[in-house]
Amino acid sequence: MSAPVLRAEGVRLAYGPATVLDGVDLDVHGGEVVALVGPNGAGKSSLLSILAGDPHPDAGRVLLDAVDLRAIDVAALARRRGVLLQENRLAFPFTVRDVVRMGRAPWRGTAREDEDDAVVADAMVRADVTALAVRTFPTLSGGEKARTSLARVLAQEPGVLLLDEPTAALDIRHQETVLAEARGRAAAGAAVVVVLHDLTLAAAYADRVVLLDAGRVRADGPPRSVLTADLLSEVYGHPVEVWDHDAQLVVMPVRARVRSMTEEPA
Amino acid sequence: MTTTLTAPVDAPVRTRNPRVVGLFVALGLLLVVLAVLSAGIGQLHVPPAEVVGSILHRLGLDLGPMPSHPNGDAALWSIRFPRVVMAVLVGAALATGGALMQGVFGNPLADPGVVGVSAGAAVAACAGIVFGLTFAGAWTTAVLAFVGGLAATLLVYSTARSGGRSEVVTLVLTGVAVNAFAGAAIAFLTFLGDTQAREQIVFWQLGSLNGTRWAYVAVVAPIVLVGVGAACLLARRLDLLALGERAARHLGVDVERLRLTAVLLVALLTAGAVAFCGIIAFVGLVVPHVIRMAVGPGHRVLVPASALGGAVLLLAADLVARTAIPFADLPIGMLTALVGGPFFFWLIRRTRRSAGGWA
C-alpha cells in the first residue's frame, strides 16, 4: 500500500494529571474510511482533534503527507483537511447557504475559487440541505444543523476528512446518506476518519475499525476482526452480541428483556 | 476584501444585492442631507443652499450662493463643519467598534460602552487632564485613551470569554465591574483635580461634541479611517469566527492573530471616539444590531454599513443635542443613553428569549 496520508506516531495527550491518549499509533491511507470507536472517554474525539491539529500532542507527532502538522500553517492545512465537530453553534443568524459557503474560504484567491457556486450547490444537495438554503442557522433542528455543517465541510473539498460523530443527531435515512457520502469521498481518493458510536454503522461503512480503550488503541483492523463479541463486551463493560445478518455485521448489546419492556422508557 | 473600502456598494454583489445597495444608498443620502442641515441649523441660521455654496466655493467652484450673513461663512468653517465632521468620525468609530467587538466576542450584546472599554479609555484620558500630561502634544489624550481602552479590553476579554464565546451574563457582569472600577478611578481623579480639571472631566463623562476644533478632527480622523479600514479587512474572517474558534481555525483562520488585531482595533476606535468627545454609549450596540436586522449578519456588509449608520446616528443625535433646547447644548452621551438604554433592555429580553435562558 502507498504511504499513509495521515499518520499518528506515539501520540500522548494529557489534560493536567489526566492522560487521555497514550502511545497511539494510527495510519490512514487515501481511499479508506477508518472508524474510531470505543466507550465514552476512550479518547476518540481527542484523537480526532489531534489528527485535526487543534492541540499538538504532548509527545509523539502527527504527519500529514509526511509533514509534521506543527510545520503546516493553518491556511494550507485548511485546503487539505476538513473537520466536522460534534457541536455546531453559530454566534450570528447566518443563512444555511452562507454557512455552507464559508467552507469555500480556504480556496479564496486560488483558481478553484471559480468553482465556488457549483461546489456549494453540490455539497448542499449531498447533505440534503438545499431546501433549507434561506433558513437561518439558529432556527434549524439539531439534525439540520449537523447536515448544514457537513455540507460546509464537503464544500471545503478536503483530501482528508475528519468527522466527529456525524450521525449522532441524524435520522436513519440521513445516517445512511452521510456515511455513503463519506465512502464516496474515500472512493474518490480522500482519507476519511470518522468517530462513530453505532458499531453496526461502523461495520457497514468502514474499511478499518480502530477500537480505543482508555486512551490506547486496543484493536485496529477490518470490522470483522475488531468487532467481536468477546472484545467489545470486555472494552464496553457490557455484554455485546455480534450477529451476521445477510453478510453484514449487526452489533447489539445484550438486554435484560423483561425490564426494558415493562418499565418506563428511558 | 479591499473593495469594501473603496466601493462598499460593489462588494456584496453576490448576496442580497438590492437590499444591500438600497441600504448603502439610503445611509449615504441621509448622511449628506443631515450633514448639510446640521451645519446650517443653529443660533446663526444658514440655509442649506448657502451651506453647499460655501463648500463649493472653498473647493474652487464658483457655484451656489455664499452665506448671506456676514459671519455665516466663518461660523460654518470654524464651528459647524469641524463639529459635523467630528460627529461623523466618532459615530463611525463607535459603531464599527461595536460591530468588531460583537464579532470577536461572538455576542450581539458586546459594546465598548457597556463592557467598560470607553470607561477605561476615559480613566486614562482623565488622568492626563488632571496631571497635565502633554508628552505627545495634541495626541496626548488620544494616546492615553488608547492605552486605557486597550487595558480595559484585554481585561474584559480575558475574563468574559471561554472556548471562543462569551456568555451574556459574564460579559455584562464584567462590564459592571470594569465600569464600577473606572467610575471610582474617575471619581478619585475628580477629587484630585483643580476646578478647571474637574469641569473638563464632568464634560467628558457626559460626552459632547461642543467646542470641536479642526485640530481635534486632525487627530481623530486618521485614527478612525485606519480603524474602520482595517476592520473592513477583517470582515471575512469575522464571519468564519462565528462558527467558533476551532471551526474557524479548521477553515484557515489564524484565530489568535485575528483576536489580537480585533481587540487592538476596538481599543483604537474607542480611543478615537473618546479622546475629545467623552463617553458616548450605546451607538456601538444599536447600530450594528439594526443593520443586522436589515441585511443579515455578514461582516463584509455589516462593518462598513455600521460605520455609515453610526455616522448618521451621531450626526442626528448631535443635531438634537444642539437644537432641542434653545441656547443650550445638551450632552450627546446623555441623549444616546436615553435612547440606547431602553433599546439595550429590549435586546437583553430578546436575546434571553431566543437563547432559551441566560446561556
Side-chain angles (χ1 to χ4, degrees), chain A residues 45 48-49 51-55 69 72-95 97-110 113 116-117 120 133-134 136-139 145 148-149 152-153 155-156 158 160-164, chain B residues 1-2 12 14-16 99 101-110 161 163-168 171 235-258 288-289 291-302 350-351 353-356 359:
Chain A
S45 293
L48 200 83
S49 67
L51 293 175
D54 288 346
L69 281 186
I72 307 176
D73 74 39
V74 282
L77 205 50
R79 287 191 284 272
R80 187 75 179 109
R81 67 95 182 87
V83 187
L84 178 66
L85 296 171
Q86 254 181 67
E87 199 183 353
N88 291 286
R89 295 201 287 180
L90 196 62
F92 297 103
F94 284 94
T95 63
R97 184 180 283 118
D98 286 344
V99 172
V100 178
R101 196 173 279 284
M102 288 178 190
R104 297 302 294 168
W107 300 106
R108 208 179 125 61
T110 71
E113 190 181 4
D116 279 4
D117 290 333
V120 167
V134 295
T136 58
F137 194 82
T139 66
K145 284 180 182 168
T148 302
S149 305
R152 192 196 81 223
V153 176
Q156 201 177 339
V160 177
L161 203 50
L162 307 174
L163 311 171
D164 197 351
Chain B
M1 233 184 255
T2 44
R14 280 210 307 230
T15 53
R16 282 185 277 256
M101 194 159 216
Q102 287 146 29
V104 84
F105 276 82
N107 189 328
L109 293 183
R161 264 170 113 277
R165 293 169 67 91
S166 62
E167 303 302 344
V168 173
L171 186 68
R236 276 177 194 279
R237 275 168 279 171
L238 287 174
D239 282 354
L240 298 178
L241 197 61
L243 295 168
E245 290 191 3
R246 280 183 74 191
R249 202 175 289 122
H250 295 153
L251 286 168
V253 177
D254 186 342
V255 174
E256 303 302 317
R257 211 178 76 186
L258 173 62
H289 198 85
I291 304 279
R292 249 186 236 112
M293 289 199 293
V295 290
H299 289 85
R300 271 172 296 155
V301 175
L302 179 68
R350 197 165 160 271
T351 309
R353 205 180 313 132
S354 67

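We name chains A, B, ... by the order of the sequence lines, and we start the count at 1 in each one.
- If you measure heavy-atom distances from A/V99 to chain B, the contacts under 4.5 Å come from the side chain alone.
- Among A/R97, A/R152, A/E87, the residue with the largest count of heavy-atom pairs under 4.5 Å with chain B is A/R152.
- Rounded to the nearest 0.5 angstrom, A/R79 CZ and B/L251 CG are separated by 12.0 Å.
- Although no hydrogens or angles enter the test, the distance criterion places a donor-acceptor pair under 3.5 Å between the side chain of A/Q156 and the main chain of B/H250.
- Note: B/H299 and A/F92 have perpendicular aromatic rings, judged against thresholds of 30 and 60 degrees for the angle between ring planes.
- Between atom CG of residue A/N88 and atom CG of residue B/L243 there is a gap of 8.0 Å, rounded to the nearest 0.5 Å.
- The shortest non-hydrogen separation linking A/F94 to B/A242 is CE1-CB, 3.8 Å.
- In this structure a side-chain-to-backbone donor-acceptor pair under 3.5 Å is missing from B/R246 to A/L85.
- Using a 4.5 Å cut-off between heavy atoms, B/V253 contacts chain A through its backbone alone, with no side-chain atom that close.
- The contact between A/S49 and chain B is made by backbone and side chain atoms together, counting heavy-atom distances below 4.5 Å.
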